[in-house]
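Since the model is a prediction, treat every value here as computed from it, not as a measurement. Below, each value reflects all heavy atoms present in this structure, side chains not excepted, and no hydrogens, waters or symmetry copies. We're numbering straight along the sequence, starting at 1. As the structure lists them, so they are numbered: ligands from 1, and atoms in each ligand from 1.
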Amino acid sequence: MAMLAVNIDHIATLREARKGIEPDPVFAAVLAELAGADGIIVHLREDRRHIQERDLRLLRDIIKTKLNLEMAATQDMVKIALDIKPDVATIVPEKRQELTTEGGLEVALNKDHLKAIILLLHDGGIKVSLFIDPDMEQIKAAHKINTDFIEIHTGRYANAKLQSDQDAEFEKIVNTCKIAQKLGIGINAGHGLNYQNVKRLAQLREIEEFNIGHSIVSRGVLVGMERAVREMKEMVR
Ligand code: PXP
């Protein structure tokens, strides 16, 4: 059975819209765990547009499942990761030149740089995942530089408008899973997954963990709306 890791970045996006203290992503993480999340994911972006270092430190102390830190492959981020010690660091592209046309990491072209980053993280006892497109060249390159996991970028699958396009993307994901499994690399998947499009991927036994954020936070806002309004109505009465 696949695991679900919940990305709580957009709880922080809402907080940063007011630069205030709510909603707190740390509360959201605890609630996600109570609901059965197998892990919590945050992306500490270089521009700190949502998650802050304070969140990361509190999450490390408080959560009881796994902490997965999404990070750019920079020395500054490695320093933070070695200090916080997430269970897994997922390397994601933040700059244009680190991207393939589809949006995952360009591993082959940045092999030496990524290899050095992986070594530093491994020395700190942190497992590493590389966020890549479902592409043969990328998996092979990821394997060569000793990654523990890949996270398959499901964005193109998720955004496909035509059934035929979705089928083609699904096929690529299936093939990527087969190769990664043969190479002994752990397989995660995420980006753009929602309550509809996840069903088909959930049938792929090779995928160990789904990393999902935006659709869960979006649903959380709506399913919580009635209660929130009722409670405020009581207050103003
Ligand atoms: N995986 C990675 C590597 C990501 O960067 C993101 C987005 O932050 C996700 C998964 C989650 O994507 P979404 O918010 O679309 O579910």
Side-chain angles (χ1 to χ4, degrees), residues 2-16 23 25 28-29 32 37-52 55-56 59 66-74 77 81 86-96 98-100 102-107 114 117-118 121 126-135 138-139 142 147-160 166 169 173 176 180 185-202 207-222:
M3 291 185 290
L4 172 66
V6 178
N7 180 312
I8 53 172
D9 289 349
H10 295 307
I11 301 289
T13 302
L14 200 51
R15 177 190 61 194
E16 295 307 308
D38 301 293
I40 300 297
I41 309 186
V42 289
H43 185 176
L44 185 67
R45 298 189 73 100
E46 287 176 283
D47 63 10
R48 304 292 192 268
R49 73 175 72 150
H50 39 52
I51 293 293
Q52 309 295 314
D55 302 327
L56 198 53
L59 287 167
K66 279 185 315 176
L67 179 63
N68 184 333
L69 171 64
E70 288 179 12
M71 54 177 266
T74 64
M77 280 309 307
D87 300 280
V88 180
T90 298
I91 312 287
V92 297
E94 280 191 24
K95 295 198 177 71
R96 277 271 112 212
E98 298 163 340
L99 284 174
T100 60
E102 285 85 14
L105 273 176
E106 180 43 271
V107 184
L114 290 172
I117 299 273
I118 291 176
L121 292 167
I126 301 166
K127 289 206 156 56
V128 179
S129 179
L130 298 179
F131 185 49
I132 61 170
D133 294 314
D135 174 289
Q138 300 298 340
I139 317 170
T147 193
D148 303 287
F149 301 92
I150 52 165
E151 179 178 334
I152 301 175
H153 191 327
T154 52
R156 275 167 71 98
Y157 161 83
N159 294 330
Q166 196 200 70
E169 290 304 321
I173 294 172
T176 302
I185 305 174
I187 307 166
N188 302 330
H191 208 284
L193 297 179
N194 60 31
Y195 293 81
Q196 285 75 41
N197 63 26
V198 76
K199 286 183 200 155
R200 198 173 178 190
L201 292 185
I207 299 179
E208 286 177 34
E209 185 177 274
F210 288 96
N211 296 343
I212 306 180
H214 190 267
S215 64
I216 294 176
V217 172
S218 303
R219 194 174 180 93
V221 169
L222 291 187

Which residue pairs satisfy the salt bridge (charged side-chain N to carboxylate O under 4.0 Å, His left out) criterion with at least one member in residues 187-199, sequence neighbours excluded?
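For residues 187-199, and leaving out neighbouring residues, there are no salt bridge (charged side-chain N to carboxylate O under 4.0 Å, His left out) pairs at all.
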
Pairs touching residues 208-218 that satisfy salt bridge (charged side-chain N to carboxylate O under 4.0 Å, His left out), sequence neighbours left out:
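Those involving residues 208-218 are Lys66-Glu209.
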
Show which atoms of ligand 1 fall inside a sub-4.0 Å distance from at least one heavy-atom site of [X].
X      : result
Ile212 : 16 (O)
Val92  : 3 (C)
Asp9   : 8 (O)
Glu151 : 1 (N), 2 (C), 3 (C), 10 (C)
His214 : 13 (P), 14 (O), 16 (O)

Parallel, tilted or perpendicular, judged at 30° and 60°: which one describes the rings of His10 and His50?
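Perpendicular: the ring planes of His10 and His50 meet at over 60°.
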
Is there a polar contact between ligand 1 and Gly213, counting only N or O atoms under 3.5 Å apart?
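For ligand 1, there is an N or O atom that lies under 3.5 Å from one belonging to Gly213.
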
Compare His43, Met71, Glu70 and give the one whose heavy atom is closest to atom 2 (C) of ligand 1.
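Looking at heavy atoms only, the winner is Glu70.
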
Does Ser215 reach ligand 1, in the sense of a heavy atom lying below 4.0 Å from it?
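In this structure, Ser215 fails to qualify as a contact of ligand 1 - no heavy atom is under 4.0 Å.
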
Assess, by modelled atom type and distance only, whether the side chains of His43 and Glu94 contain a donor and an acceptor separated by less than 3.5 Å.
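Side-chain D/A pair, His43 to Glu94: present.
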
